[in-house]
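To start, the structure itself, in structure tokens.
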Amino acid sequence: MILPVEDADFDDLNERGLVRGLRVADGGVAPAPVVAMLRDLARKVGVTCSPAAWWIVDGGEVVGLCSIKAEPTEDGAIEIGYGVAETRHGQGIARQAVSEVLAWARLRGDLTAVIAETSISNPASQRVLERNGFTRTGTRVDPDDGIMVCWRASASV
């Protein structure tokens with residue numbers, strides 16, 4: 001299940017290790033600097049596309065985060081990124097979360113596509129996208145992350 005992120009949730013996460021009274025998975029959802037960056041990103045993107053991020057919840061516990069990485073493109077595409085606590089890998093949680101975000105995008109009417117990138121060395125994340133109907137559109141080289149596989153799914157109904 002996904003829950004839209006509210007700005008105050010980041011304070012709860014940082015101060016109490018809780019989100020809306022829900023425990024956070026062992027190991028957290030991301031390192032503190034990444035959480036801070038995602039908060040800033042959600043504030044920026046949320047001006048034109050809201051919600052801009054979702055908590056990934058499983059078993060009454062926050063186990064990850066999925067967010068829109070930039071404002072929608074002129075042609076109506078959004079790029080998403082997602083992560084799940086290591087303790088929850090391999091349980092279909094990321095697949096379900098991406099499915100729910102894709103369904104949300106399709107209900108909006110103003111979005112044409114959802115795009116994502118995965119490391120060439122992350123086959124599990126590639127399977128998450130494949131199982132949600134994303135099509136591989138190519139690769140690119142990221143100076144920090146190396147070879148990235150580019151993906152796209154239609155947001156049209």
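The chain is numbered in sequence order, starting from 1.
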Discussion item. Check this for me: Glu86, atom CD, are more than 12 non-hydrogen atoms of other residues, nucleotides or ligands nearer than 6.0 Å?
Written reply: no
Would you find a donor on one side and an acceptor on the other, under 3.5 Å apart, between the side chain of [X] and the backbone of [Y]?
X: Gln126; Y: Ile120; value: yes
X: Glu100; Y: Ile2; value: yes
X: Asp9; Y: Glu6; value: yes

From [X] atom [atom1] to [Y] atom [atom2], the distance as rounded to the nearest 0.5 Å:
X: Leu111; Y: Ile78; atom1: CG; atom2: CD1; result: 5.0 Å
X: Ser121; Y: Asp145; atom1: OG; atom2: CG; result: 9.0 Å
X: Met148; Y: Arg140; atom1: CE; atom2: CZ; result: 6.0 Å
X: Arg136; Y: Leu129; atom1: CZ; atom2: CG; result: 11.5 Å
X: Asp58; Y: Arg88; atom1: CG; atom2: CZ; result: 5.0 Å

Discussion item. Salt bridge check, Arg20 against Asp12: does any charged N sit closer than 4.0 Å to a carboxylate O?
Written reply: no
Consider only side-chain heavy atoms of I, L, V, M, F, W and Y, link residues closer than 4.5 Å, and tell whether [X] and [Y] are in one cluster.
X: Val63; Y: Leu18; value: no
X: Val35; Y: Val24; value: yes
X: Ile147; Y: Val128; value: yes
X: Val149; Y: Ile115; value: no

Item to complete: Check step by step if side chain to side chain contact (heavy atoms under 4.5 Å, CB included) holds for Val101 and Tyr82.
Response: CA-CA 10 Å; Val101 171; Tyr82 52 90; over 6 Å; no
Worksheet item: Are any of the side-chain heavy atoms of Leu3 and Leu22 separated by less than 4.5 Å?
Response: yes
Worksheet item: Where do Leu13 and Val29 land on the side chain to side chain contact (heavy atoms under 4.5 Å, CB included) test, with the steps shown first?
Response: CA-CA 10 Å; Leu13 178 64; Val29 295; 4.2 Å; yes
If you take all heavy atoms of [X] and [Y], which pair is closest and at what distance?
X: Ala85; Y: Gly28; answer: CB-O, 3.7 Å
X: Leu38; Y: Ser67; answer: CD2-OG, 3.7 Å
X: Arg95; Y: Arg131; answer: CD-CB, 4.0 Å
X: Leu65; Y: Ala53; answer: CD1-CB, 4.4 Å
X: Ala105; Y: Val114; answer: CB-CG2, 3.7 Å
X: Ile68; Y: Cys49; answer: CD1-SG, 3.7 Å

Discussion item. Trp151 and side-chain hydrogen bond (donor to acceptor under 3.5 Å, both in side chains): which single residue from Asn132, Thr118, Thr137, Thr135 fits?
Written reply: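 Going through Asn132, Thr118, Thr137, Thr135 one by one, the side-chain hydrogen bond (donor to acceptor under 3.5 Å, both in side chains) with Trp151 is satisfied by Thr118 alone.
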Item to complete: In sequence, state the C-alpha distance, the side-chain angles, and the governing distance for Arg39 and Asp11, and then conclude on salt bridge (Lys or Arg N to Asp or Glu O under 4.0 Å).
Response: CA-CA 10 Å; Arg39 180 184 206 168; Asp11 293 330; 2.9 Å; yes
Item to complete: Classify the ring geometry between Trp54 and Trp104 as parallel (under 30°), tilted (30 to 60°) or perpendicular (over 60°).
Response: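 Plane angle over 60°, so perpendicular.
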